[in-house]
Amino acid sequence: MLSVKDLNFILEQHPFYGITIKIQHNNKIMGSYSPQLPQEVRAMLRQVLSHKDISEKLEDFLLNATELPNIIIKIKYNKLECKWDPDLFYEKKLCFNIDDAHILINQDDTTEDILFLSDTFCYFKDKQKLGRITSQTGFQSIDQLSIHNFQDAAIQKLFQKKKYEISNFNQLPFQLNSSDEFDSCRFISQKNEVRPTEVEGDLFANIDYSTEKNIVKFSLLYKDNEQIHPAFNSIYQRFKKQAVLFEKYSSKRKKIILNWLIRYIQADKNRQDVLLNRFLPKINLFNEIQIIIQLAKTISSEFSYQLKVVNESWYIYKIDSRKEIVLAFMISLLFPESSENSNEYFDLIIYKTEFNYHLKLIKYICKKLGVAVSFSSKEVNIVEKKLRVDLSDTNSTNSPKIYLDNVLIDDDTLIDLKTNLWTSISQQSVDVFDESLIAQCEQLILLKEFQNKRSKNSTQEQHRQSLHLLDWIQLRHLGVDIQL
């Protein structure tokens with residue numbers, strides 16, 4: 001039997017799996033069934049024939065061998081002699097690489113002095129030694145980079161990928177409790193190792209209220225000193241599909257839910273348990289209560305850290321988690337039919353009719369959260385006015401006088417306001433009726449249209465006027481001041 005020290009171990013990286021090996025003695029390649037080779041060496045050769053990685057068997061052999069072979073690393077047509085060093089390790093970290101508008105996970109092409117042969121072995125070019133790869137401290141998968149333990153099969157499948165488009169990568173739902181945990185990772189951009197830029201700004205909402213179009217753009221942004229950074233819509237995406245379940249809820253009920261959420265995120269642990277177990281069931285949310293319970297469980301800490309890519313550069317965002325969750329849930333709750341203006345950023349397009357109706361509630365929730373609201377063009381203000389119907393003239397039941405904050409208005413003025421979506425535009429700002437005033441005016445218009453139709457069909461004047469008077473008085477339940 002040949003001595004191990006007289007053998008040459010020729011190691012080569014296989015394009016599809018680990019390491020392959022050839023055994024050479026006196027410039028002659030030995031076969032896998034050669035009786036002159038030790039049994040452990042023949043086992044490795046047979047594993048090569050089975051198209052399997054020999055890394056595990058090679059490691060056991062090198063660690064336990066009393067004699068070491070001559071080790072040669074073959075790289076294409078070049079052969080490099082090296083020595084085995086059992087104490088030489090390369091700490092492999094989870095690597096994020098921006099390459100050609102894609103994110104590559106665990107593909108590091110910047111370590112030029114290291115040749116990775118398999119998941120176990122690597123060749124140190126400058127030392128001409130064969131060492132091993134270790135991962136004792138570094139993260140090895142993107143799934144480990146998360147506060148939450150994802151059990152959902154669809155999410156687990158996301159984390160198994162090694163290559164993402166940038167927009168898809170920015171949607172991944174992983175986050176950390178501390179930015180220091182990213183120190184165990186490597187970041188590559190333009191084939192250079194870089195350190196991500198940290199964003200620690202104040203969350204604010206921006207409203208772009210176009211006077212020429214019938215839409216409003218609503219965005220969430222972070223202001224870090226004088227720089228503005230976009231917030232991402234990964235949290236909003238979680239709620240978007242569930243929003244349809246709340247469509248049957250009234251605006252009042254939705255406000256109660258949002259108020260409960262704000263109280264929950266601002267409470268301590270004991271108070272949160274009370275709100276969850278005692279007060280939440282009283283809202284009567286039917287089956288949707290499970291969605292709110294699950295939402296509450298995801299609110300783990302005030303801030304979290306997320307890795308994002310903007311303009312092919314790495315950023316670590318300090319996310320105001322609680323505020324973002326409430327705002328994202330609010331927008332999905334109030335505007336289930338809104339469309340996204342971006343695949344990555346929290347930038348939504350909302351119809352003015354719906355936006356005007358809920359603007360007062362949006363401002364109220366933002367104020368409760370301590371989130372500033374800015375405007376790209378004209379500032380949008382909520383107008384609260386008193387609608388009054390004067391029925392003191394007994395002959396006026398067909399067409400009573402209508403006052404808006406003691407200003408007499410006619411039917412044409414009402415129709416114009418409705419056509420302009422209950423807004424009035426000045427040079428500096430846009431005034432929008434609050435939701436209760438909109439409801440009063442719309443009901444008043446419907447009532448006048450209904451009475452005009454009924455007047456044509458009614459033959460008894462006294463009976464008709466009595467019905468008209470009752471119709472007007474019914475407006476009181478909406479808050480309209482009826483003067484008799």
Side-chain angles (χ1 to χ4, degrees), residues 204-221 228 230-231 233 236-237 239-241 243-244 246-252 254-255 258 327-366 371-385 387 402 404-405 409-449 478:
F204 72 96
N206 183 72
I207 297 172
D208 185 0
Y209 197 96
S210 173
T211 57
E212 299 175 354
K213 299 179 181 178
N214 208 23
I215 58 171
V216 178
K217 291 182 181 179
F218 182 89
S219 308
L220 289 183
L221 304 159
I228 303 298
N233 62 2
Y236 171 76
Q237 291 289 341
F239 304 129
K240 186 179 178 181
K241 294 180 180 179
V244 67
F246 294 90
E247 281 187 333
K248 60 181 178 290
Y249 284 54
S250 66
S251 179
K252 182 178 179 181
K254 291 176 180 179
K255 184 177 179 179
L258 293 169
L327 289 174
F329 183 72
M330 175 188 71
I331 296 300
S332 68
L333 197 66
L334 301 180
F335 310 108
E337 296 184 0
S338 63
S339 57
E340 295 170 68
N341 198 34
S342 168
N343 293 329
E344 303 172 61
Y345 308 131
F346 199 113
D347 187 12
L348 304 179
I349 297 175
I350 304 169
Y351 287 114
K352 270 187 183 176
T353 308
E354 298 174 1
F355 184 82
N356 291 349
Y357 187 79
H358 293 295
L359 178 57
K360 183 178 179 180
L361 180 55
I362 291 173
K363 284 192 168 185
Y364 167 79
I365 295 298
C366 287
V371 175
V373 179
S374 66
F375 299 91
S376 295
S377 50
K378 294 180 183 292
E379 183 174 352
V380 185
N381 300 312
I382 304 295
V383 174
E384 296 182 7
K385 294 185 178 182
L387 186 65
I402 299 169
L404 197 57
D405 265 3
I409 59 173
D410 55 20
D411 292 352
D412 291 337
T413 304
L414 269 177
I415 297 299
D416 288 342
L417 283 170
K418 183 179 180 180
T419 304
N420 293 325
L421 304 176
W422 308 109
T423 63
S424 58
I425 302 172
S426 65
Q427 201 166 15
Q428 292 80 23
S429 63
V430 178
D431 293 334
V432 178
F433 283 11
D434 79 312
E435 59 186 80
S436 60
L437 185 57
I438 292 174
Q440 292 171 10
C441 292
E442 288 183 341
Q443 190 62 36
L444 192 148
I445 291 174
L446 288 174
L447 179 57
K448 290 179 75 66
E449 291 175 350
L478 290 174

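Worth knowing before you read on, the calculation uses all heavy atoms, side chains too, and leaves out hydrogens, waters and symmetry mates.
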### Query
Do Val430 and Asn381 come within less than 4.5 Å of each other through their side chains, counting heavy atoms only?
no
### Task
Any chance you could measure Asn343, atom CG, to Gln237, atom CD, to the nearest 0.5 Å?
8.5 Å
### Message
In the structure I gave you, are the side-chain heavy atoms of Val380 and Val216 within less than 4.5 Å of one another anywhere?
### Response
no
### Message
Within this structure, what is the CG-CG distance for the pair Leu361 and Leu258, rounded to the nearest 0.5 Å?
### Response
6.0 Å
### Query
With sequence neighbours excluded, what pairs up with Asp208 under the side chain to side chain contact (heavy atoms under 4.5 Å, CB included) test?
Lys217, Ser376, Ser377
### Query
Is a side-chain donor-acceptor pair under 3.5 Å present for Ser219 with Asn206?
no
### Query
Between Trp422 and Asn356, is any pair of side-chain heavy atoms under 4.5 Å apart?
no
#### Entry: Minimum heavy-atom distance between Lys213 and Lys352, given as atom pair plus value
O-NZ, 2.8 Å
### Query
Under the side-chain contact (heavy atoms from CB on, under 4.5 Å) criterion, do Phe335 and Leu348 qualify, and how do the steps go?
CA-CA 10 Å; Phe335 310 108; Leu348 304 179; over 6 Å; no
### Query
If you measure from OH on Tyr236 to OG on Ser332, what distance do you get to the nearest 0.5 Å?
6.5 Å
### Message
I want to check something: taking the side chain as every heavy atom from C-beta on, are Phe346 and Asn341 in contact at a cut-off of under 4.5 Å?
### Response
no
### Message
Holding to side chain to side chain contact (heavy atoms under 4.5 Å, CB included), I want the full list of residues that pass it with Ile415, two or more places apart in sequence or in another chain.
### Response
Thr419, Ile445
### Query
What do you reckon, is CD of Glu247 surrounded by more than 12 foreign heavy atoms closer than 6.0 Å?
yes
### Query
Hey, what's the ring geometry for Phe329 with Phe239, parallel, tilted or perpendicular (30° and 60° as the breaks)?
perpendicular
### Query
Atom CD1 in Ile425, atom CD in Glu212: separation rounded to 0.5 Å?
9.5 Å
### Summary
Checking Val373, Ile362, Asp347, Ile349 against Phe218 for side-chain contact (heavy atoms from CB on, under 4.5 Å), the one that qualifies is Ile362
### Task
Please name all residues satisfying side-chain hydrogen bond (donor to acceptor under 3.5 Å, both in side chains) with Lys248, sequence neighbours left out, ordered by chain then number.
Glu288
### Message
Assess the residue pair Tyr345 and Glu340 against the criterion (side-chain contact (heavy atoms from CB on, under 4.5 Å)); give the C-alpha distance rounded to whole Å, side-chain angles, the decisive distance to 0.1 Å, and a yes or no.
### Response
CA-CA 9 Å; Tyr345 308 131; Glu340 295 170 68; over 6 Å; no
### Query
With sequence neighbours left out, what residues match Glu344 under side-chain hydrogen bond (donor to acceptor under 3.5 Å, both in side chains)?
Asn170
### Separation of Ser251 OG from His358 NE2 (nearest 0.5 Å)
5.0 Å
### Query
Among side-chain atoms of Asn420 and Thr423, is any donor-acceptor pair under 3.5 angstrom?
no
### Message
Distance to the ring centre below 6.0 angstrom and angle to the axis at most 45 degrees; does that hold for Lys255 and Tyr364?
### Response
yes
### Query
Given the rule in the side-chain contact (heavy atoms from CB on, under 4.5 Å) test, do Leu414 and Ile409 qualify, once you have shown the distances and angles that lead to the verdict?
CA-CA 7 Å; Leu414 269 177; Ile409 59 173; 4.0 Å; yes
### Any side-chain heavy-atom pair of Cys366 and Leu327 under 4.5 Å
yes
### Task
Under the side-chain contact (heavy atoms from CB on, under 4.5 Å) rule, what do Lys254 and Met330 come out as? Steps first, then yes or no, please.
CA-CA 8 Å; Lys254 291 176 180 179; Met330 175 188 71; over 6 Å; no
#### Entry: Distance-only donor-acceptor check, side chains Asp434 and Tyr357, under 3.5 Å
no
### Query
Tell me, do Phe355 and Ile207 make a side-chain contact under 4.5 Å, heavy atoms counted?
yes
### Message
The criterion is salt bridge (Lys or Arg N to Asp or Glu O under 4.0 Å); which residues satisfy it with Glu379, sequence neighbours excluded?
### Response
none
### Query
Roughly how far, to the nearest 0.5 Å, is CD1 of Ile331 from CG of Asn233?
12.5 Å
### Query
Is atom OH of Tyr351 surrounded by more than 12 heavy atoms (other residues, nucleotides or ligands) closer than 6.0 Å?
no
### Query
Can you tell if the side chain of Phe433 reaches within under 4.5 Å of the side chain of Leu404, non-hydrogen atoms only?
yes
### Query
Can you name the side-chain hydrogen bond (donor to acceptor under 3.5 Å, both in side chains) partners of Lys363, sequence neighbours left out?
none
